[in-house]
Amino acid sequence: MLCEKCRQRQAEIAIREESGGETRELYVCQACAGAGGLIDKKLTSMVEMIFDAALGLVARPVGAQTAADDPVCPVCGMTRQAFRKRERLGCEACYTAFRRDTEAMIRDMHAGVRHVGKVPAGAVAARTCAELERALKRAIASQRFEEAARLRDALATMSSPGKSARVDGGAKGGEHAPQ
Amino acid sequence: MLLNEPDEPKATGVPIKGQLPEPQIIMSSRVRLARNLRGERFPDWASERERVEVLRRVGAAAVLAAEHPDAQVIPMEGSDGVRMETMRERSLISQDLVDRGVGAGFVYAGIRSLSVMINEEDHIRIQAFAQGLGLSRAWEIADAFDTRLEKLLPYAFSERLGYLTACPSNIGTGMRASVMVHLPGLRLSGDLDAVIRGLERLRFTVRGIGGEGSAASGHRFQISNQGTLGLNEQAVIASLERVTIAVARQEGLARKRVLRDMPVVVQDCVSRALAILQNAHLIQTDEALDYLSAVRMGIEMGVIQDARPDVLEMLELRVHPGHLQDYLKEELDPEQRDLRRADLLRESLGFWTVKEWLVRKARKRLIVKEKK
């Protein structure tokens, strides 16, 4: 494809460019890339990877359209062919990108289909947040507002552990109690 | 410094005369946890630059999480070949890690029971070790370290699939628990194949270690869990512990049976092994390990005169290429190693013998026990 900036040379590099407060993703030639904009290394390598993978497939000519049955991971650029050859995925998003293949492998290899072991602390917090949110919605729907208030406070504590919502609106007394 | 620590003795050193050394049927245990960073390509797919950055990030975090003054990152790039070989022989790192080169490394947490590989098959591979049947202990060490590390780094984790790994065979717990067992008795009694089939039916993987690649020659085996998804860690560990104890019991019984029913076979097996080790002038690592395995059985059964289990343990480590060169303080090519290894074995085992009367005594010990 042609460089999106000069429209004269072949595009080889992907860059990210900010203009008017927006970030745009462009495919440009070497010369225009040097001129400005940040070369996003992830995009660059993703493009490289796709090209490499395409070139690596004997039957596939360069620039061939990827068919619907040959998905590509949008995050890391892994292709189904490459994955099958290497027997390893490219990144965590591949588990979604190649869902059919991975689900089949999981069924073959493992005793179960759902994780029941250790969970990292961050995930525990996330799980509890989601649960709290659902409980909050249900409480509001059934007009149990006191319970909803408690749940809302608990959620607030979780997202910013330093501050906790005050239950009482008034001054607690102490040195700066109003006269 | 850590890498120059003297060999840690496993057994009780020189045995008290008349007392049999404790048989080390279950030799060691290991728990490995695979983890990956969120938002980074897995090591095999990542570029060198990405790996170098991951090594820097994970290395720094792992050193902090180790909470040990001697913890440090050891990059594969520019590392000393012999030293890395020694580390590999102790299972602290793998050949894959060494081959990865730039952007790969490991963190040695200052205690021999823990090492963290970075950018091997996954970003992070935590490995904890323990002597004998120490799976629970190894799990505690690995789990505690993992919990500290996860506070410092964002892990790739899915509610449904658990810890996400480069190979789907490791997702879920990401845990591979394994034990190393020594089963010469079962081989001699002919029951080894049946035991291995039984383990495989229970969904355990059994791999022959140190032999000529196949289970047919070596006596040491690694038993490990297969699946990692849909099971919790404690259940897997408990299950592996149970089967290992059952296998060890079978091995003990097999040794007794073999001494009772075919003592000459035992005598022959151990004598031959000793004879080769005492006379060879060129010997390779795997061959040496096989014969040392038979000698170990001989010591544990009490058929070797003036046995020295501490010497045996030293040899079991030192016949490996890295340890050998490290001990001799010389870099040697394979042929030179075969020669020096044979020299070392002849020197160390020169006067060891299997005595007929010791074999009879071992049998008597057995028969008297059974009469009770």
Side-chain angles (χ1 to χ4, degrees), chain A residues 39 41-50 52-53 72-73 75-79 82-131, chain B residues 33 35-50 53 121-123 139 142-143 146-175 202-203 225-237 239:
Chain A
I39 294 185
K41 67 166 164 65
K42 278 218 170 68
L43 281 181
T44 307
S45 21
M46 180 179 90
V47 170
E48 277 170 15
M49 284 299 157
I50 291 174
D52 281 347
V72 173
C73 176
V75 173
C76 72
M78 171 67 76
T79 66
F83 157 46
R84 300 212 92 127
K85 197 163 73 146
R86 292 156 169 268
E87 292 180 357
R88 289 179 191 176
L89 296 166
C91 74
E92 62 206 285
C94 291
Y95 277 96
T96 316
F98 306 115
R99 184 164 226 150
R100 263 197 315 185
D101 298 82
T102 54
E103 293 298 314
M105 291 172 83
I106 289 166
R107 268 199 304 275
D108 282 336
M109 292 172 180
H110 295 287
V113 287
R114 224 204 139 75
H115 180 59
V116 298
K118 181 179 179 183
V119 174
V124 172
R127 184 188 274 167
T128 325
C129 258
E131 283 168 1
Chain B
L33 299 176
R35 305 284 187 252
N36 283 286
L37 295 180
R38 216 186 308 148
E40 293 286 345
R41 293 200 285 192
F42 294 145
D44 216 44
W45 196 233
S47 69
E48 190 178 281
R49 208 153 26 119
E50 287 170 345
E53 179 55 26
E121 187 181 294
D122 295 292
H123 291 138
W139 162 246
D143 180 32
D146 176 51
T147 302
R148 291 199 296 272
L149 189 66
E150 86 186 25
K151 294 196 169 83
L152 303 170
L153 297 169
Y155 280 175
F157 179 84
S158 139
E159 284 278 316
R160 188 175 64 93
L161 298 177
Y163 293 96
L164 299 172
T165 53
C167 188
S169 64
N170 289 313
I171 55 164
T173 60
M175 180 183 81
L202 291 169
R203 296 192 127 235
N225 65 299
Q226 260 174 28
T228 49
L229 184 66
L231 311 151
N232 84 38
E233 291 87 349
Q234 280 86 346
V236 169
I237 298 229
S239 159

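Convention: sequence-line order gives letters A, B, ...; per-chain numbering from 1.
- Looking only at distances, no side-chain donor or acceptor of A:K118 sits under 3.5 Å from a matching main-chain atom of B:D146.
- Heavy-atom minimum distance, B:W45 versus A:C76: NE1-O, 3.1 Å.
- Residue B:Q226 does not touch chain A at all, counting heavy-atom pairs closer than 4.5 Å.
- For A:V116, the parts lying near chain B are the backbone and the side chain together; criterion is any non-hydrogen pair under 4.5 Å.
- Across every non-hydrogen atom of B:L161 and A:Y95, the tightest pair is CD1-CD2, 4.0 Å.
- Taking every heavy atom of both residues into account, B:D44 and A:R86 meet most closely at OD2-NH1, 3.2 Å.
- Proximity to chain B (any heavy atom under 4.5 Å) is shown, for A:E92, by both the backbone and the side chain.
- With sequence neighbours excluded, no residue satisfies ring-ring contact (aromatic ring centres under 6.0 Å, His included) with B:F42.
- A side chain to side chain contact (heavy atoms under 4.5 Å, CB included) with B:P168 holds for exactly one of A:L89, A:D101, A:D108; it is A:L89.
- Residues satisfying the ring-ring contact (aromatic ring centres under 6.0 Å, His included) criterion with B:Y155, sequence neighbours excluded, are absent altogether.
- Counting all heavy atoms, side chain and backbone alike, B:E40 lies closest to A:C91 at O-CB, 4.2 Å.
- When each of A:E103, A:E87, A:M105 is scored by its heavy-atom pairs under 4.5 Å with chain B, the top score falls to A:E103.
- Pairing each heavy atom of B:G227 with each of A:H110, the nearest pair is CA-ND1, 3.7 Å.
- Contact annotation for B:R38: both backbone and side-chain heavy atoms come within less than 4.5 Å of a heavy atom of chain A.
- Contacts between B:I171 and chain A at a heavy-atom distance below 4.5 Å involve backbone atoms as well as side-chain atoms.
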